[in-house]
Amino acid sequence: MEATNNSTISSIRENRIQKLNDLTDKGINPYPYSYDKNISAAELQKKYKELAAGEETTDTYNVAGRVMAIRNTGMFIDLMDPSGKIQIFSHKENLEPDKMAIIKMLDVGDIVGFSGDVRRTPRGELSIKAKDVKLLSKSLLPLPEKFHGLTDVEIRYRQRYVDMIMNPEVRDTFRKRSLIIQKIREYLCAQGFLEVETPMLHVQAGGASARPFETYHNTLDMHMVLRIAPELHLKRLLVGGVSEKLFEMNRNFRNEGIDTRHNPEFTMIELYQAYVDYNDMMVLLENLVSSVAQDVLGTMVIEYQGQKINLTPPWDRKTMLGAIKEFTGIDFNEYLTVEEAAKQAEKLGIEVEENDSWGKILDKIFEERVEPKLVQPVHILDYPRDISPLAKVHRDNPRLTERFETRINGWEISNAFSELTDPIDQRNRFEAQAREKAMGDEEACGIDEDFICALEHGMPPAGGMGIGIDRLVMLLTNSPSIRDVIAFPTMRPRA
RNA sequence: GGGCUCGUAGCGCAGUUGGUAGCGCAGGAGACUCUUAAUCUUUUGGUCGUGGGUUCGAGUCCCACCGGGCCCA
């Protein structure tokens, strides 16, 4: 990126490069190899919380971080590290002239190490009384304005590092994201789940309904796609018997639109447990999410954009047909043909397309009339068979499957099934999908012969579940856009 | 894909009825030296997203395009 194609920036940059040269002439490496930092800003603040204003100690520490403000021509420097801020007090009484000269050359944005005694200034600011200074990295480009910071969302996304330097809450969000993922992993591993990896490069997209990114392998001379879901490979592992409980937490790629809840690459966890069904998945999800919230936020009652959401188990359960009846008054058990269902949908003002199946129509009604009304966590149970090609038929109703989607704040947070293990039925479902694809549904999946072959070797009954990590992080960090929880969201290159 | 909306100095923002652009911070020079958005003096910096059009004259009005954001499908 050409960041210097203007006069303000280039004059600042030239000025700083001159400083680089001056330092080098003095035998100082402006980009040295290491520094013996032995305390963080936050640790210092905590340790000397009781130190009174005007008090001095003889405790010496080495601190390091980024210069965020310089006052009184270098006498006071705000040094920021990931933990917080510590002030540097530099006075010629305590510093050799050559060290003082280095401090005079510092710019906001430089990364610097200081060594000195802890004191609290008469005005009450905990400080390091610098006795030594070491430039650790010279910055050449200026930071945004110190008071208003960086607010331009486009620059925040394109130059996330600047966003993170200027906005502490952004750093905090990404730390929380990391912690959430760590806690999920710990929770599942403690339950005996084995973390596995399956291919990102697929010959054929499967395991979800979505358009894939397409690519090409040169040596194999083969068209390939980036995976839209790991499901079919994880089930192969279940057939293989590596573990009766396994999960993969990683990226999926879907070649679809971008909005506040969708990024083309996103993080999902998929987990499978042998010998259980979707009922067990509901309990697992409730316990997992609520305990992660407790661990990360210290509470199971979160606030999202002004709305209180209670994650304390157990969560509400509604069947899909029951929820539709609740919010529209229409009982689709009485309208079992596509024609009847379409007529009811049209009465509700919902557009039905020519090839829409019974299940698809119900799904549309659900999305429009029910989903926006759901705020508190709720499992929506028993999805129609024709839109659930990987779920086992419902034991009590052959039109439905044992599938649930969990909604929190109306968003799909999880999608889980009593997994379809019958290879004959699976083939039939795939063939139905293939027919829809042939009729123009670009999201329908094709027939994965090797997957069916795996099922024909016998897959244990299992519950499986996918959980959208980004949306979970949005909820737990009160972030309004998925781009606030993905460090480098997909962007069109700047012209 | 549709609607609304934004783009002016590195950043945060003004810019009147159409008359060739200002403020704050940052940067430079100097002063001060226990400050914390330090202060004071002084000063540099602009292809007003891009390209057309209307006009004597466009940051401003019109059109197209580029790049964002929000909402909808």
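Each chain gets a letter, A, B and so on, in the order its sequence line appears, and its residues count up from 1.
- Across B:G27, B:C34, B:G24, the shortest atom-to-atom separation from the side chain of A:Ile12 is found for B:G27.
- Between A:Tyr161 and A:Gln159, the side chains place a donor N or O and an acceptor N or O closer than 3.5 Å (distance only, hydrogens not considered).
- Applying the 4.0 Å criterion to OP1 and OP2 of B:C70, one finds that A:Arg483 has a side-chain N or O inside that range.
- Between A:Arg123 and B:C34 there is no side-chain N or O to OP1 or OP2 distance below 4.0 Å.
- Put simply, A:Ser11 has no side-chain N or O that comes within less than 4.0 Å of OP1 or OP2 on B:G45.
- Dashed line: the shortest gap from a side-chain N or O of A:Asn15 to OP1 or OP2 of B:G28 is under 4.0 Å.
- Counting heavy atoms from C-beta on, the side chains of A:Ile128 and A:Thr60 never come closer than 4.5 Å.
- Taking the charged nitrogens against the carboxylate oxygens, A:Lys360 and A:Asp363 have no contact shorter than 4.0 Å, which rules out a salt bridge.
- You'll find that the side chain of A:Lys146 is closest to B:A38, out of B:A38, B:G68, B:U35.
- Relative to the six-membered ring of A:Phe89, A:Arg119 meets both conditions, a distance below 6.0 Å and an angle of at most 45° to the axis.
- Not one side-chain nitrogen or oxygen of A:Arg71 sits closer than 4.0 Å to the OP1 or OP2 atom of B:C34.
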Distance-only criterion, 3.5 Å: show the donor-acceptor pairs between side-chain atoms of residues 104-114 of chain A and protein atoms not counting sequence neighbours.
from, atom 1, to, atom 2, distance (Å)
A:Lys104, NZ, A:Thr73, O, 3.1
A:Asp107, OD1, A:Lys19, NZ, 2.9
A:Asp107, OD2, A:Lys19, NZ, 2.9
A:Asp107, OD2, A:Lys138, NZ, 2.7
A:Asp110, OD1, A:Ser139, N, 2.9
A:Asp110, OD1, A:Ser139, OG, 2.9
A:Asp110, OD2, A:Asp107, N, 2.9
A:Asp110, OD2, A:Lys138, NZ, 2.6

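- When the nucleotides B:G10, B:G69, B:C34 are ranked by their closest atom to the side chain of A:Phe76, B:C34 comes out on top.
- Residue contacts shown for A:Gln87 include a base, since a base heavy atom lies under 4.0 Å away.
- Using a 4.0 Å heavy-atom criterion, one finds that A:Phe89 contacts the bases of the nucleic acid, with or without backbone contacts as well.
- Neither OP1 nor OP2 of B:G45 sits under 4.0 Å from any side-chain N or O of A:Thr8.
- For the pair A:His91 and A:Leu150, nearest-nucleotide mapping onto RNA chain B gives the more 5' position to A:Leu150.
- Of the candidate nucleotides B:A38, B:C70, B:G27, B:C70 has the atom nearest to the side chain of A:Ser481.
- The side chain of A:Met491 lies closest to B:G69, out of B:C34, B:G69, B:G12.
- Comparing the same atom, C1', in B:U39 and in B:G52 gives a spacing of 50 Å after rounding to whole Å.
- Of the residues near RNA chain B, A:His148 and A:Glu125, the one whose nearest nucleotide (by heavy atom distance) lies more toward the 5' end is A:His148.
- Within the 4.0 angstrom heavy-atom criterion, no nucleotide atom of any strand lies near A:Gly257.
- Base contact: A:Thr121 has a heavy atom under 4.0 Å from a base atom.
- Residue-level contact check: A:Lys92 touches neither bases nor backbone, having no heavy atom under 4.0 Å from any strand.
- Closest to the A:Lys19 side chain, of the nucleotides B:G28, B:G67, B:C34, is B:G28.
- Side chains of A:Asp59 and A:Tyr48: a donor-acceptor N/O pair is present below 3.5 angstrom, by distance only.
- A:Asp163 places its CG atom 16 Å from the P atom of B:G68, with the value rounded to the nearest Å.
- Side-chain atoms of A:Arg492 lie closest to B:G67 of the nucleotides B:G67, B:C13, B:U33.
- Contact check, A:Thr73 against B:C32: no side-chain N or O comes under 4.0 Å of OP1 or OP2.
- Base orientation for B:U8: anti, the chi torsion being more than 90° from 0.
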